[in-house]
Amino acid sequence: MKRIGVVTGVAHELDALLPDCPRVALGGRPPVARVDWQDKQLFLACAGIGKVAAATAATALAARHDVELLLVIGTAGKIGAADGDLFLLTEAVQADYGAQRPDGLAHYTAGTMPIGDATLRCFVGQAPEGLGLPAARIATSDLFVECGVHGARVSDRLDAALIDMETAAVAHAAELLGLPWAAIKATTDGADTDSAASFARNLERAARAAADAAARLIAGL
């Protein structure tokens with residue numbers, strides 16, 4: 001694969017990727033920049049935070065720049081018991097899609113009819129070997145989680161170790177577009193009452209860790 005589309009929710013996460021390489025602004029909406037590195041062309045897009053922004057960025061990269069892989073990088077909250085703070089995300093599920101019922105949210109696969117027996121299928125990403133990162137499932141929703149009870153509930157119901165606001169949306173878009181996807185996330189917080197302060201405190205470190213791992217992944221493609 002030579003043409004890689006990279007999506008983040010926060011500009012700082014994108015800026016951490018190969019910071020010493022020149023970037024060519026390609027314009028458009030959302031704006032895209034190109035980085036030529038080794039024998040690859042990287043197309044970088046950050047349309048903002050949340051599922052709509054992430055899916056829009058992914059679709060723009062596919063439609064305008066003919067990318068062969070969509071790669072999500074950046075940060076996430078930890079909601080499970082997985083060891084470590086840097087993960088290769090091999091499965092993604094949308095945590096806020098389904099049917100709201102008296103006994104809670106019945107989770108369904110994003111894009112399917114949320115009526116009848118609840119069925120949930122994860123979007124499955126690429127799992128390159130040799131990165132030395134633990135694999136994990138991530139849950140995605142349009143919520144920045146500052147409640148440990150909610151984070152634990154999502155983890156228990158969806159068997160997810162992390163939660164973010166982008167990955168499953170890009171994975172869903174990739175499936176609809178017929179493209180493979182991959183994701184690397186570093187954790188900034190525990191999806192609890194300290195999340196906002198912890199995110200701000202750890203953003204730079206986590207963004208750099210995820211970007212460095214992403215560079216290793218890209219080099220091996």
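In this structure, the side chain to side chain contact (heavy atoms under 4.5 Å, CB included) partners of A171, at least two apart in sequence or on a different chain, are A92, F123, W181.
Using a 4.5 Å heavy-atom threshold, the side chains of M165 and K51 count as separate. Within the 4.5 Å cutoff, the side chain of H12 has heavy atoms near those of the L203 side chain.
Without hydrogens or angle criteria, T59 side chain to T56 main chain gives no donor-acceptor distance under 3.5 Å.
Grouping Ile, Leu, Val, Met, Phe, Trp and Tyr by side-chain contacts under 4.5 Å, direct or through others, leaves L105 on its own. Alongside I115, the hydrophobic cluster contains M113 (criterion: ILVMFWY side chains under 4.5 Å).
In this structure, a donor-acceptor pair under 3.5 Å is absent between the side chains of D85 and T187.
The pair R201-D194 counts as a salt bridge, with a side-chain nitrogen and a carboxylate oxygen less than 4.0 angstrom apart. K2 has a carboxylate O that lies under 4.0 Å from a charged side-chain N of D39, or vice versa, which qualifies the two as a salt bridge. Look at R208 and E13 and you find no salt bridge, because none of the NZ, NE, NH1 or NH2 atoms lies under 4.0 Å from a carboxylate O. A salt bridge does not link K78 to D189: none of the charged side-chain nitrogens sits closer than 4.0 Å to a carboxylate oxygen.
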Go through R23 and L44 one step at a time and tell me if the side-chain contact (heavy atoms from CB on, under 4.5 Å) criterion holds. CA-CA 9 Å; R23 300 190 177 196; L44 317 180; 3.4 Å; yes
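By the rule that hydrophobic residues join a cluster once side-chain heavy atoms approach within less than 4.5 Å of another member, L133 and F87 end up as members of separate clusters.
Ring pair F43/H65 is parallel by interplanar angle, where below 30° counts as parallel and above 60° as perpendicular.
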